[in-house]
Amino acid sequence: MAYWLLKSEPDVYGIRDLERQKTTVWDGVRNYQARNFLRAMQVGDLVFFYHSSTAFPGIAGLCRVIETEVVDPTQFDPRSDYFDPQSRPDAPRWWTVRVQFVQAFANVLGLEVLRQHFSPDELWTLRRGNRLSVMPVKEAVARKILELAQT
DNA sequence: GCCAACGTTGGC
DNA sequence: GCCAACGTTGGC
């Protein structure tokens with residue numbers, strides 16, 4: 001089983017939205033590196049839910065991959081912000097996963113706490129200028145995050 | 001709102 | 001294939 005991190009702006013879609021919906025298709029990713037990570041996910045993988053572009057950025061909760069190789073439907077929707085006119089239904093460009101809510105952390109693990117425990121190379125969200133919205137998390141780092149979240 | 005950092009685009 | 005210009009991201 002692998003661990004990952006997904007970024008989202010809570011004003012658009014936060015951990016509480018996922019809690020309410022229970023599951024969601026993680027649509028709208030339009031970056032090839034991020035897409036490749038999405039395609040590498042396996043059912044059962046654990047995913048940290050990161051809140052970005054908000055007053056208290058940080059890791060807000062946990063979810064789990066429950067379906068892989070999902071074709072992102074927004075790429076074919078002309079009214080969607082994520083419409084990709086160059087993507088063909090017989091050869092979709094953008095693939096994603098469906099995730100299921102697991103837990104909202106009692107307290108968001110903010111950047112200050114994360115920086116105390118991890119280097120930018122261990123946790124890529126800490127890298128300056130990092131814009132990648134889907135990234136892998138090493139098991140040792142994931143275990144530590146889970147430990148921090150319970151305290 | 002600012003601005004540094006990054007990915008993408010497009011002219012050549 | 002290069003690279004400057006541009007648009008976007010995201011912390012502050």
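Naming convention: chains lettered A, B, ... in sequence-line order (proteins, then strands); numbering from 1 in each chain.
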### Message
At under 4.0 Å between heavy atoms, how does the protein contact nucleotides 2-12 of chain C? Give one character per nucleotide, 5' to 3', with B, S or -.
### Response
-----BBSBSS
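Under the 30°/60° scheme for interplanar angles, the aromatic rings of A:Y3 and A:F48 are found to lie parallel.
For A:E147 and A:R143, the salt-bridge test fails: no basic side-chain N is under 4.0 Å from an acidic carboxylate O.
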### Task
Give the intermediate values and the outcome of salt bridge (Lys or Arg N to Asp or Glu O under 4.0 Å) for residues A:D84 and A:R93.
CA-CA 9 Å; A:D84 181 352; A:R93 267 190 193 183; 3.3 Å; yes
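Between the side chains of A:T74 and A:D72, at least one donor N or O lies within less than 3.5 Å of an accepting N or O.
Residues A:V99 and A:F49 fail the side-chain proximity criterion, which asks for heavy atoms closer than 4.5 Å.
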